[in-house]
Structures are given as C-alpha cells and as structure tokens.
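Right, one structure below, let's go through it.
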Amino acid sequence: MKLIWGPPGTGKTKMVSALLWVLACLKCRTLTCAPTNVAVVGVCTRFLKKLKDFNEHIDENGLPFSLGDILLFGSRSNMDITDDLQEVFLDFRVDELVESFSSSSGWNYIIASMVSFLEDCASRYDMLLEDDGKIDPVCFLDFTKKQLDATAIALKRCIMNLWAHLPGRCFSHDSVINISMLLKMLEKFGALLSDVDLTDEGLKRGLGCLSTANSVCAKPISSIEKELDEARYTCIKLLKDLLHLLNLPTGVDKNWVKNYCICNATLLFCTTSSSYQLHHMDIAPLDVLIVNEAAQVRECELVISLRLHWLKYVVLVRDDCQLSAMVKSKVCKEAGLGTSLFKRLVKLKFEKHLLNMQYRMNPCISLFPNAQFYERKMLDGSNVLSSSYNKDFTCLPFGSYTLINVADGREDKEGTGNSRRNMVEVAIVFHLIHTIFKSWKKTGQCFSIGVVSPYNAQVDAIKTRLGKKYDKCDGFHVRLKSIEGFQGEEDDIIILSTVRSNGRGVLGFLADNQRTNVALTRARHCLWIVGNARTLYKSGTEWTDLVADAERRKCVFSATNDATICRLVLQVKQELDELDDLLNADSVVFTNTRWKVILSDEFRKSFTKLKSPQLRREILQKLIKLGAGWRTTVKNLDIPGASHLAKVYKVRDLYLVWSIDMEKTKRKYFQIIKIWDLLSQQNVARIVQRFQNLFSMYTDDYLDHCRRVQTQGKLEVPMVWDVGHAIIRYNMDCKVDAHEEHGLVYTSYAMENSKVSESFLLMKFYSLSSGMAKHLLTATDGSEINIPFELSDEEQVIIQFPLTSFILGRSGIGKTTVLTMKMIQKEKLSSIASQGLNLDGAVSAADDNKLMPLKNGGECSVKQIFITVSPKLCSAIKDYIYRLKRFGTGDVSEQPSILRMHDVMDDLEEFTEIPDNFCDLPHEHYPLTITYRKFLMMLDGTCRTSFLDVFYGEMKSSFERGRSRSRAVQTFIELNEVTYEKFATFYWSRFNKDLTKKFDVSTVFTEIVSHIKGTYQARGPYTGKLGRQDYVMLSDKRISSLSKEKRNKIYDIFLEYESMKCSAREFDLSDFVSSLHTSFVSDGYNGDLVDFVYIDEVQDLTMTQIALLKYVCRNIKEGFLFAGDTAQTIARGIDFRFEDIRSLFYTAFLTETEASKQGLKHGEKSHLSDMFQLSQNSRTHCGILRMAQSIMRPLCFFFPSSVDKLNPENGLVYGEAPVLLESDNDENAIMRIFGENKSQHGNLHGFGAQQVILVRDDATKKQIIDVVGKQALVLTIVECKGLEFQVWAYKFSFVFVHFAKYFSCKMRCFRMLSVLTSEVFCRMCCCTTFLFVAFKK
C-alpha cells in the first residue's frame, strides 16, 4: 500500500494517469475509485486525454486506437458524461454492442450479407430487371455501386463498433490483420467501380458473370477487370476468414453484454460505493486498486473496494488540507467513523510521498494558500513562472488575483431552507462572466470559467440568471458548482461568490479552512473573489488573513469604483425593494419625519441673514418638529382673512410663516407643509394681502382638503387621498379649457395680479433634507446657491418617466430645468447605489461657534452627457450643474453668482481640460456638459483615423492626438469650414445663374444641409447624402413649397457646390458628420459608452447629427432625453420637426442598435413615450405671453409643415404688453439712448448689468458695442437663445432689441421673432415693466 500526498496542482491526477497507462500496457487489471461522481469523471477524463496523447503516433495496423479495455460505470444521471467519455461509458457501450450482437442485424449477419453480394450480385440484378418489367432499368454498374455502398457502410460501422468497444483480448492477432486488410480492400473495390473506363459488360466480366471462353468475338479482359476480379476474390476470402476468427456471441441481451464488458475490461473507473457491483460478478481478479481524493472516502466506504478478491496493490492519493469525508451525525463523527483510511494510516506512521511542485496556479493565486495551508512547502513549476503562462488573460479587467469588495449585498435564505444567497453578488457574477465573454470574443482563445459558491442556493440563483446564454459558444465554457462539487476540478478562471454579508462577521460553514482551501485553489490563471470584505475580515478565520493579505498586495477592488457594477447594484436593490429606505432617509435627523416640509426661496434668504448660529439651530429644530407632527398649543400671531391656512409661530423675536398645502404623486394626494418666510413682527402685516390673493385663487374643494386635520396621539399627521378623485387647485383650471381653442391667454384668467418678484406662484421651493439643513446652518450670507428646488407636477411626470422622452415647449416652461434635474437625479441614485448616504447629523449639540465638518461624496459611477449647440448656453448649464453637484455632495460653501459668458466663436477654449476623445475618459469629467461641436471633436478623436488628419494631412504636425487641439483646430476650422456666410458670400455668386435666379440663398442652403446631406437613411449602406431621385420624391412625401422641377435645380446646385468645395479643399459640418458615420460603420465605435444623453435645443441639429448619438449610448430604451421647440429653429441650414426625430429614433436607433434588439423579447414592440408638452410658463407675465402667441399664430399658419403646433402657454401673473419704440429719419435709437453715456458706469460686472441689448448678428453686435461700450451687455439672438437669465440671477431693468435690417427669408424672420418673444421677452421681462424694441428702417 502506497500513500501519495499532493497539494493542489501538483500533478496528482497526471501521476495517476501515467500510472494507469503503465498498468494498461502491463495488462494489469486495475480499479480506479473516487468518492464522488465529479472526482471519478475528472480522473477518467484526464486519463483519456493523456492516453490519446501517448498513442497519438501509434498506428501499426491503420486502425484507430481502441478504448475497449477502459470502462467507466455508474449512475448516468449523476455523471457529467461528455462526448469523449461516452466512448468508455458502460451504458453507451452496451447499447452499441447489443446492436452489433443482434442475430438479425449484427456482425454475423452483415458479414454474410457482404459475402452473398460479392458472390452473386449478377443474379440480384437479374431479379431486379424481372421485377421492374419494362420500366427504365438502372444499369448494372450503378446497381452494383449502390448495393456495395449500402452493404459496405453497414459492415464498416459494425466492425469499427466492435473494435472500439470490445476489449483487446477479444481480437486475435490474425483477426486484427484481417480487419485492416478488409477495410483497405473494400475501399479499393469501391474505387475500381468508379473508374470512368469501366462499362457494364466489363464489370460483368470482372465479376465473373459473363463467360468469354467460347465466344468468337470476345474482347480481351482489361487490367481494371482483372483488378476487380482479384479484389472481389480477396474480399470474399477475408470475410469468410473473419467469420471463423471472431469468436463473438450473437442474440444476447443487455445484461449479458454488461457483464461481458466488465469482466473483460482492463481498467475500470467508478465511485467507491458503485464498486459493490463487482462483488456479484464472476470476474477475473483485479490486481491494483487506486483511490483518488482518498481524504474524502470514509473507511467504511472504502472497505467495499478493499474486499474485492485477489487485490495485490493499493494506492491512496489525497491532499490532507482539503475537504475530508463528510459525516452529518455528531455521534458517528465522535466515534471516528468520519476518519479516512489515509488519515488513519498517517497516524500509524505509514510513509507518504509528497508531490511539492505545483503546475496549475498562477503564482499570484498560489501565494496565499501556500503560506496559509501548506507551510510554504509548495514550489511553483517553471510553466507557471513563465511570462507566457498568463499572456492570454492579461486583457481581463481584474487581474490574476482580486478580492472584489461588495459592501451593498444582503444575504438571505431561500424559502424555508438554510441555504443562503446574495442577489447583488449574483448580478455581479453575471456581469463578470459577460465581461470575460467580451474579452474572449476579441482574443479567440478557449476560456473555461468556473463559478463556485459554498451555498447551493447561490449556485441555483446564478444558474437561473445565466440560463443557457453561453451554452452554444464553442471555446467558451461556463460551469457552476458548489465548493464540494469542484473538489479535484480546475478552470482557467474561477469566480468565487462568498455570499455572506453581515455586520457580525458570521460566515457559517464558509469558515471551514478545508473548504476555503478548495475554493482558493481551483483556478489556473485568474481567481476573483466576490464578497463583503468587512464581513470576511471580522470573521476571525482564514478569511481575516486573506483580506489583510489582499490589502497588503493591493488586490482589493471596491465594486463602487465600477460604473457598471454600481448600476447593477442599484438595479438589484430596486427590484428587491431594498433601496426605499436609503432614498427616503436623507439623514438620521429626519428619521421620524412624517410631513414633507418645503422651504421657499424667501425663507432661505431670510434664514441665511441670521448671524446667531444658536438661533439658526433653534429655527431648524422648529422645522424638524413641524415635520414630525408637533403643533404648538401657545397662541401665536394670527393672520386674519387668510382662510385659516396660514399660520405664524414665534421664534424669539421672529415669526415663522407657514401653511398646509397639497402635493400629488402618481397614486396619491397628500398634505405637506410650506414654509413661506421668516419675518419680524412689523413685516408680517405686509404678507396678509399677498396670502389673500393667493388663497382666493384656490378652489373650495382644495381649501377644504388643506384644512382637514388627522392626529395620532398628540401629533398631527398628513392626510392622504387616492388620485381617483381629482382635486383641482386653481379656479382658473376650471375655466381655461373653454378658451384654449382661441389660442390666447386672457388677462381675466391670469392668476395673480402682483409684481413678478413678489409672486407666490413663481416662487421656488426646496425640500428640507440633510443637504438643505447643512446649507442653512453654514451659509454666512444671502448669496445665491443652486439647490434642487421643487418642480411642478408636469415636470415631475417627465423626470420620473423611465423611458426615452421628447419634450416640446416654448421658452420659460422648464425644458432645461427638466433635463438638468433628471441628470442630477440619476447622479444621486447612482451615488446612493455605490456608497449610500452620509447620515451625519445636521443638528447636534456641538459648540455654537463651530459647525460640523462635511463629508464629500464619492465618485459617481453613472456616465451622462448634456449636449447643446450654443456655447453660452452650454457654459451656463455647466456652471449650474457644477453648483448642484457641489450642493449634493455636501459642499455648501459660498459660490460666486456670476455666470461666465465667453465671447468666442466656438467652445474649444471652454473645454481645454476635456480630452478630444471618449477613450477611458476619467470619471471626474462626468456629467459631461459640452457643445455639439466639442462632441464631434471627441468622436473624431475616438476614431482610428481623424477626419481632419485624412482630409488635411498637413495638420498632423500641428497637434498631438489624444490631447485638446483647441487653438490649431479652431484656426483650421475657421479658415476651411463652409458656413452659411461663406456659402452666401463666396459660393452663391459662382453658381450657374440659370439655376439660382429664382431661389433664395437661405432656402438652397437649408435644403442642402437639412435634406440632401442631413437626412439619415437607416436602411441600406450609409452614403452621406440623398440621391437625386430620393430628394426629388420629397415633394410627394411631405408638404412642400418646392416642386420636383425646383428640387432638381437645387440638386444641380448641390453638385456644383460639392465640386467647388472639393476643389477648394474645404468642408462643411455635414462632411465632418458623414465621415464619423462612415468610420463607425466600418471600424465600429471603440470609445466609452455613456448611460444617458440629454440634448437641449435639439431643433438646431440635423437628423444625421442626431444619429451620431446612437454610437455613444446603447441604452436606447431609457438613455435619451430630447428637448426643444421647432418654432425656434434659427440655426442656418436647419429644417427640423419633432416628428422627424421620432421617425429617426424608430428607424436608426431602435432597429439598428444591437443592444436594443437584445433587450426586446420576442414579439414585443418597441415603446417610446409620446411627446411631452410643457405649457405652464413660470418665468414671465401674461402680457408678454400674448405677444409671443401673436407671433406663433402666423408662423403655424404659413409654415404648417415646419413648426410643431403646441397648446398656448399659461401665465401665472398678470402683466402689460411690451412697448415698441420706432425711430424716424434713420435715427439710431441706440445711439440716442446710450451714445452720450458711453464712458459712464465703469465696467460691466457680469449679469449685474442694468441693461441688455439684443441684436440680429455679430456684425451688428460689433457696431452696437462700439456705441454703448460697457454700459450694457450685448448679445445676438442666437447667443441668448436657451438662457434662463433669472434662474442664474440675470437682472435687467431694460431690454433693447435692435435689428439692423430686414431678414431676407420670411420663414427665418418669423422664427427670429418667435425666439425674440419666447426667449427674450419671456426670460428677461420678469424683472421689468417695459420692453424697448428699436428698429432701423
């Protein structure tokens, strides 16, 4: 008896395979056992592989290597029988041999049939002719070929079946030679029949069927005929000899065949328990017993194999430090019945042979188990130390050895059982497998992945999530098993899910060191451990040392640092309803808050003016108590005539003014608390009339619901109602429907007749949260700060809508607010998912003179992009989002209120810190707020070949790829890009006059940019332009003022334009966009994918420009939010409709994007939201809205196909119409007003200016600046479009609008007026009563 001790990867199984091969060569009958089906299948599989390698070049008789001496038997349902194992598996072998032993179709019958055919094929042919009669008979040659093929195939199959499955002793040396010769002669005979010179008559002579002895005209026998005759004779002789040489049975059943195989096999494989079958068979003695994984075999179980008769040698192979025999009964375990024979013999001082060289694990993987379990006795083999050992796995993201710390998981029990699972880890394991799969597709190497977990419930959960996703991927193998099931197994990559996640460090049976050792030593190249590092470290087991070791080696990776994993965690928590507690608890201070408390902007300003920190805390404490349901019993100051809704609580010398109001969610109406202001007693009286005006606009039903009181003990709690019964807030809402059809907002239905700055209806409100509390406690003055404010109901609906959305609306109705707030919401949810909330108390018993430190939020994992065309709008949005993020991370320090507005032609100077590509863009750049031009430059930098590099080779030396190329690129683009101005100035006059004489230059430019080069063709290969026929057909497909004849002429102009442009080596923006599409179609997009894209002022883009977005974001179903207004499409060359973008989204995004297709189930239709329309204007008064609507009516009437018709806007505040000033006698009104005061007022401080002047274009802007100097801010209409001045504290007393000349294009003129009334009037007049418009005749 020999004992062999081999740590993992030291070659135990290889050594066993080599030993078995030697024993097979010596004809020593050997039984190889293992404790489990997995282990015995493993050792048999590896032996077969080694055996085939050993005999790869041995081919004495031209026959394949026979496996008949090798037999594996056991329960098929419990064994993973592969195609290779099937050749030696008993059940399969029995099925094959029973057919070959059949008396009616077996070997004897088939050989006899072949002899009969060769001897008498002519007679068979004659019988066929007699049966067919006069029907066209087949020729004798074809008949013979067909019969030979059928009979030979059956014969070969039967012989090879016998050769493969019968032991070698069943074939004598002569029979082997006979079989080899027979197979060769049959092949030769078939080849001779296929000779082109062979005829029917010649075949008959060759087969001896036609006598030529007495024939006078007999032809001489050809060489082919002679060879046929010789081959036929040889085959008949070999077949008859084989019938006598094969001493094989016929007509036997399966039991006989089963016993026959077992009795005659040389090498037998089975589990130790299955070896009992050998005791009841009359078999030849076994010489050797080999037991693999002997540590897991109990003594009593091994006795079954040891009691087999005539055993001469026993070899026990095991690893002392891995799983031992499992005994559930404590009594049996205490009695020593769980001890293995190997362990017993070691205790008796039997010598054991150590295998100390490991050839499996990357040294990074073996380092910890070698030190922890084997006292550093293992040595690394030269193969694993080689630099080439791990070369195919260096592309994987987590290296060879990584502990992936998942702190957000939650362990739970499946059903009523004790097995545990962790659904967050399930999602992460699935993500890791998919990550490996993507790398595998690039490398083409064979990957085997093993997913291991100590709990069967976790294994089942992962199997359910994985399904059959990778079953048909040749070369990519995934298997999932428990730790016990993986004993003795190995794979290229092992993913270990530890499951346990608790604050106590309880690991259950994962704490068993032998189980831990098995789990850690299964991987060849990569071991990724997924678990809660804190739980593992606190366990006090080997896992404590493992976490500490991983920390020292810098092999711990936090799952929160990966954007995709963070999204998975968030998704799982949402599915399991585990995220609600985090979302509802901003701080421990507000844990018991029952009421939602919202604070007005006026209250915030009054609060931040307070100097005493103690007073601030006292007032904040009052707010928290109100939210908890506390109500004072002391009579405070009453507000008469305020419908008993407004209440005043005294706090020292100040009075807190608040009221009960209502808020609506998807399913409920509920009461909330509105904090209006914090005033001194003498200022309380002035608020009375304002409340009277406000509450008089509420309906009686709404007031009744606000007055209702519900108590729980001594506390008031908010009442809640289902949304089934609509509760209308304003009286106007009951009457306005009757007037919407007129297209006007009537003054009589305006809600509030007050100053805009004092309007309650336009006031912003903020939720009382931990972040807001920090701001209130730390702000030192009333300076502006960007805090997420309360949104309107229709804004909330859009933000909460989970799918891709389209938002339409005029200026001032909140489109940009919706985009930015939804972006911030995604940031917040991602942050919660990755790190949770900082629940540090905002109110504490700290020193009055000291404020508690604030914790900065962690890095956000979600990738979002905000895109707009205007550099100035982009700068404003970027600044706004930056401030909101600072507030969200707890940074409530003072922030400057001046918004930077750069007078640059493009945005490249603004974004010098952002790389010009999307490859590995650092997380700190997200959310990315950029202009569309910057977006194009980043896409170009991501391409394999830059458009600018290819188009202008001389630019390659001007800048370094991968870094911002702002100055060089900006100068180059300004000189070589064809804009509308260049088109009109340098190109238009050079076109054929016969083509251009009846066209306006703006119309032709728009047709070229928006339709010929701007239409995106989703179906078919991308060409970058419409063909002439497709373009001319647009006259039939949509309402158009251009006939087919005109379109043909425009297309001729387009061809001339392209030719001139190419000759001048210039390009337009459409060429740039087309180049990017072509590059991505041919080479694919290799940059970072983003999760969400927000596009403001989308109407300033063509369809091809919008279509580029699909490459950077594959989250088609949820990842896009488009906002704009077609009435404000004033960008040169753009003709945009929202219906076009919806059509584009269906054809280009949903149908072409592979990710979208995978996300849709079979038969499920793609769903997009209807277009959201915002109509409640909260920026200006009704006088200006009426003027804006008067511009929109003729625009919709005269250009119905170019403008989306929207419902009229609703105003909240009454106001007078703007004033129009008109100058006479060519007098410049701007010069008259500002000319004499040019040197006054000093410098203009940002948006603290008192005047703003809007002009038509840059040339006029320069003229006006020369006149007014720095007395007023001068902007073009294009520059001011999209900016919400009041939102960012733009306070103007006067707005001047100056037009230098009439517009040449009627459509553009109306759209300019639309922008003027929507963007300018609506945004700026919130702070003024008059509007001066200066026209120059």
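Computed over heavy atoms, backbone and side chain alike; hydrogens, waters and symmetry mates excluded.
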Ring centroid separation Phe999 to Phe1005 under 6.0 Å: no
query: Can we say Arg1047 and Glu1007 salt-bridge, meaning some charged N sits less than 4.0 Å from an Asp/Glu carboxylate O?
result: yes
message: With a 6.0 Å cut-off on the ring centroids, do Tyr1031 and Phe1054 count as close?
response: no
message: According to side chain to side chain donor-acceptor pair (under 3.5 Å), who are the partners of Glu977, at least two apart in sequence or on a separate chain?
response: Arg933
No-hydrogen, no-angle side-chain donor-acceptor test under 3.5 Å, Thr1102 and Thr1104: yes
- line: Looking only at heavy atoms, the pair that brings Asn976 and Glu1066 closest together is O-CB, 3.3 Å
query: If you take all heavy atoms of Val869 and Asp1100, which pair is closest and at what distance?
result: CG2-CB, 3.8 Å
message: Using a strict threshold of under 4.0 Å (side-chain N to carboxylate O), is an ion pair present between Asp994 and Lys1049?
response: no
message: Using a 6.0 Å cut-off, check whether atom NZ of Lys1046 has over 12 heavy atoms from anything other than its own residue.
response: no
query: Between Lys1025 and Glu1058, is there a side-chain N and carboxylate O pair less than 4.0 Å apart?
result: no
message: Under 4.0 Å between a side-chain nitrogen and a carboxylate oxygen: does that hold for Lys998 and Glu1045?
response: no
- request: Using the six-membered ring wherever Trp is involved, compare the ring planes of Phe991 and Tyr987 and label them parallel, tilted or perpendicular (cut-offs 30° and 60°).
  value: tilted
- prompt: Can you tell if the side chain of Leu1108 reaches within under 4.5 Å of the side chain of Leu936, non-hydrogen atoms only?
  reply: yes
